[in-house]
Amino acid sequence: MEIGFYTNNYVNTYNNKSVKNKKSFDGLDILGPEAPNEVKEAWNKAEKECGINGYGYGVNSGGKLTCLTSLFAMSLESAYNGGGRDILGTTVHSAKTAVQKALDRLGIPQDSKEKKEKFFYESFLRYLN
């Protein structure tokens with residue numbers, strides 16, 4: 001099984017293969033590639049409202065992770081358990097369920113990064129309704 005992560009505009013996998021990827025980072029490429037347009041639109045609106053990328057706000061300009069979000073952790077756990085990295089699923093309901101689970105895991109934010117993450121998730125859920 002390969003688990004990929006983004007760094008320096010490449011997708012790197014644990015078996016040391018590298019594949020050139022597009023220049024911009026979009027968390028939906030991993031968390032919801034099969035998500036319906038309604039979910040993708042809600043994600044993009046939440047990003048604009050919050051001024052951050054819900055998945056990649058923890059990614060610096062060089063493409064390196066600076067923190068691990070709840071959704072990203074859930075994606076890695078799912079991939080590790082054989083379920084794939086797509087955790088938003090193929091319906092609005094499945095996306096809401098995943099984001100609510102991420103909020104529950106996040107709990108009460110302890111620092112500014114967690115507050116930004118919570119702000120994004122809550123905004124995303126509002127746009128999904």
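Heavy atoms only, all atoms of each residue included: Pro109 and Lys118 are closest at CG-CD, 3.6 Å. Lys40 approaches Pro33 most closely through the heavy-atom pair NZ-O, 3.4 Å.
In this structure, Leu71 is not a member of the same hydrophobic cluster as Tyr127, with clusters built from ILVMFWY side-chain heavy atoms closer than 4.5 Å. Linking Ile, Leu, Val, Met, Phe, Trp and Tyr whenever their side-chain heavy atoms come within less than 4.5 Å leaves Phe119 and Tyr121 in two separate clusters. Residue Ile87 is grouped with residue Leu128 when hydrophobic side chains (ILVMFWY) are merged at heavy-atom distances under 4.5 angstrom, including chains of intermediate members.
Looking only at side-chain heavy atoms (C-beta outward), Val39 and Thr91 stay at 4.5 Å or farther from each other. Using a 4.5 Å cut-off on side-chain heavy atoms (C-beta onward), Leu88 and Ser94 make no contact. A heavy-atom distance below 4.5 Å is found between the side chains of Phe120 and Glu47. Residues Gln110 and Lys115 are not in side-chain contact: their nearest non-hydrogen atoms beyond the backbone lie 4.5 Å or more apart. In this structure, Glu117 and Ser70 have side chains that are in contact, with non-hydrogen atoms separated by less than 4.5 Å. At a threshold of 4.5 Å between non-hydrogen side-chain atoms, the residues Leu31 and Trp43 count as touching. With contacts defined as side-chain heavy-atom distances shorter than 4.5 Å, the pair Asn129/Lys96 qualifies.
Atom NZ in Lys101 sits 5.0 Å away from atom CE in Met74 (nearest 0.5 Å). We find the CG-OG1 distance between Leu106 and Thr69 to be 9.5 Å, quoted to the nearest 0.5 Å. Here CD of Glu34 is found 11.5 Å from CG of Leu28. Values are rounded to the nearest 0.5 Å.
Counted by atom type alone, Gln100 and Asp104 present one or more donor-acceptor pairs between their side chains at under 3.5 Å. Between the side chains of Ser123 and Glu49, a donor-acceptor pair is found at a separation under 3.5 Å.
A donor-acceptor contact shorter than 3.5 Å is absent between the side chain of Asn81 and the backbone of Gly83. Checked by atom type and distance alone, the side chain of Ser75 pairs as donor or acceptor with a backbone atom of Arg85 at under 3.5 Å. The closest donor-acceptor contact from the side chain of Thr97 to the backbone of His93 lies under 3.5 Å.
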* **Stepwise side chain to side chain contact (heavy atoms under 4.5 Å, CB included) test for Leu76 and Tyr80** => CA-CA 6 Å; Leu76 288 176; Tyr80 179 78; over 6 Å; no
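The environment of Glu38 atom CD is sparse: at most 12 non-hydrogen atoms of other residues, nucleotides or ligands sit within 6.0 angstrom. Within a 6.0 Å sphere centred on NZ of Lys45, other residues, nucleotides and ligands contribute 12 heavy atoms or fewer.
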